[in-house]
Number of protein chains: 2
Amino acid sequence: MNQSKRFLDIVKDIRDMIRREKIKPGNRIPSERELAEKLQVGRSTLREALRSLELLGLIETRRGEGTFLSDHRNHQLVEVLSTFILQDKQSQEDVWETRLIHEVSAIQTICQNSKLASLKVWDSFRNRLNENESFYREDFVRELMVLSGNRLSLKIWFLLQQYSGNPYQEPVTATEKEMLLPLLAALEQQDMSSAIDLFKTWSGWIQKGRMQNGNDSRDL
Amino acid sequence: MNQSKRFLDIVKDIRDMIRREKIKPGNRIPSERELAEKLQVGRSTLREALRSLELLGLIETRRGEGTFLSDHRNHQLVEVLSTFILQDKQSQEDVWETRLIHEVSAIQTICQNSKLASLKVWDSFRNRLNENESFYREDFVRELMVLSGNRLSLKIWFLLQQYSGNPYQEPVTATEKEMLLPLLAALEQQDMSSAIDLFKTWSGWIQKGRMQNGNDSRDL
DNA sequence: CTTAATTTGTCCGTATGTATG
DNA sequence: ACATACATACGGACAAATTAA
């Protein structure tokens, strides 16, 4: 039945093996020849599966050394995806919107937790705003995601961040900074509705600028 | 310089070719041998690149026919990634909480859209409640997710649903039904805060019962 | 219905670059 | 310097599936 799409089975087998052998990120997985022998497949076929996983950023191969489980954070997946999938406007908006879902939820969680609302990080961000230092949206939002404490949501967010193409690598503008100070205040005062409103306004403001320029202006 | 990672160059070349030739989703791309000849690489190496793109859901290969640009947006990569991401012992609370994030967000979207709020589905659900028919949480929430219109969020939700172990296959109890009627009313009246409160109360109620019995029964 | 051509699926053999001891 | 182990890459061979003549 499953004679075609064998390399998908291999992907599954490798995943199962990793789980079974409890291989941790950074560890080495068996060599190509070993795996081919163990899984009873040709080396070429096995390599196709390995390459797929490599493009996804799940493993890392180093010539002469071996193949290793990646401690994630791989770039090429960003470019490949953004150039293929994100051509479609609807998908692009879905990614952005889903990202916002997790971000807003993180803010809700933070506002509901008094310990999180009264942290020194807010002062830190405020200082960076006042000192006119460079301030990146990604840094700020990442902090929110981490603070929310949901690791799975954080991972999904991290994924979506990569998928959303070339995002907010640029520092925030002066206009945005004027929005951020009230947002920080709202977070500290646990004023959830204000915080969310301000955040959404800010995010919507940025997105407009983002959506203006044609999407594909990236290369690798 | 770029002697290693040739298959990444091939991925890039294929992308450029698709852009240059203006190949649309669903169209066929040149055969493996043609591409290998044109790009001056071996067929095995080229296949590694193609497989990678296939696992990402960007292309589709059919034996005997050829290779095609995938036409329906494929977020299957989220699934593949998630099976790896979730391989480490992820606390069930995170999965559950993340699921709720998407569900609550769907309710927010629905409440903000008057067209969605005034649909006959609510009456349908209400009837099933009153008629004392079997009523499953999953059916109801799935409807919410679909109505929200974010396909990516829906896809992630499906995924989390599978990973949250043995979920809500049992019909809702009489006590829960008494919570559901006000929830339906709140949805129709676009009373967002009430709807969310009721939904969270209901969900929290169910989760308590769920967390009692042991969980993990996942496979794929 | 049969046959031939095309295309992907799979495997093998060989050579080469690279890291480790 | 040498040997070993590994990934990288190529080309050939055959099987299986589809399509067209």
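Heavy atoms only: backbone and side chains are in, while hydrogens, waters and symmetry mates are out. To find a chain, count down the sequence lines: A is the first, B the second, and so on, and within it residues start at 1.
When the C1' atom of C:dG9 is taken as reference, atom CD1 of B:Ile59 falls 14 Å away, rounded to whole Å. Atom CZ of A:Phe68 is separated from atom C1' of C:dT20 by 11 Å (rounded to the nearest Å). As a whole-Å value, the separation of A:Leu35 CG from D:dA5 C1' is 15 Å. The separation between B:Arg51 atom CZ and C:dT8 atom C1' is 8 Å, rounded to whole Å. Nucleotide D:dA5 holds its P atom 16 Å from the CD atom of A:Glu37, rounded to whole Å.
Contacts of residues 41-50 of chain B with DNA chain C (heavy atom under 4.0 Å): B:Arg43, B:Arg47.
At the phosphate of D:dC6, neither OP1 nor OP2 sits under 4.0 Å from any side-chain N or O atom of A:Thr61. Applying the 4.0 Å criterion to OP1 and OP2 of D:dC6, one finds that A:Thr67 has every side-chain N and O outside that range. Considering only side-chain N and O atoms, A:Arg28 lies nowhere under 4.0 angstrom from the phosphate OP1 or OP2 of D:dA5. Side-chain nitrogen and oxygen atoms of B:Arg63 include none within less than 4.0 Å of the OP1 or OP2 phosphate oxygen of C:dT10.
Counting only heavy atoms from C-beta on, A:Glu65 has its side chain closest to C:dT20 among D:dA9, D:dA7, C:dT20.
Residues satisfying the side-chain contact (heavy atoms from CB on, under 4.5 Å) criterion with A:Ser153, sequence neighbours excluded, are A:His102, A:Met145, A:Asn150, B:Thr98, B:Ile101. Listed by chain and residue number, nothing satisfies the side-chain contact (heavy atoms from CB on, under 4.5 Å) test with A:Ser44 (two or more places apart in sequence, or in another chain). Residues forming a salt bridge (Lys or Arg N to Asp or Glu O under 4.0 Å) with A:Arg62 (at least two apart in sequence, or on another chain): A:Glu60, A:Glu65. Applying the side-chain contact (heavy atoms from CB on, under 4.5 Å) test to A:Thr201 and every residue at least two apart in sequence or in another chain returns A:Met179. Annotation: side-chain contact (heavy atoms from CB on, under 4.5 Å) contacts of B:Glu143 (sequence neighbours excluded): B:Val121, B:Phe125, B:Leu147.
Across B:Glu32, B:Glu48, B:Glu37, a single residue satisfies side chain to side chain donor-acceptor pair (under 3.5 Å) together with B:Arg43, and that is B:Glu32.
Between the CG atom of A:Leu129 and the CD atom of A:Glu176 there is a distance of 10.5 Å, given to the nearest 0.5 Å.
Comparing A:Arg33 and A:Gly64, the nucleotide of DNA chain C nearest to each residue sits closer to the 5' end for A:Arg33.
When both pairing distances are held under 3.5 Å, D:dT4 makes a Watson-Crick or G-U pair with C:dA19.
The residue A:Glu32 sits close to a base: some heavy atom pair falls under 4.0 Å.
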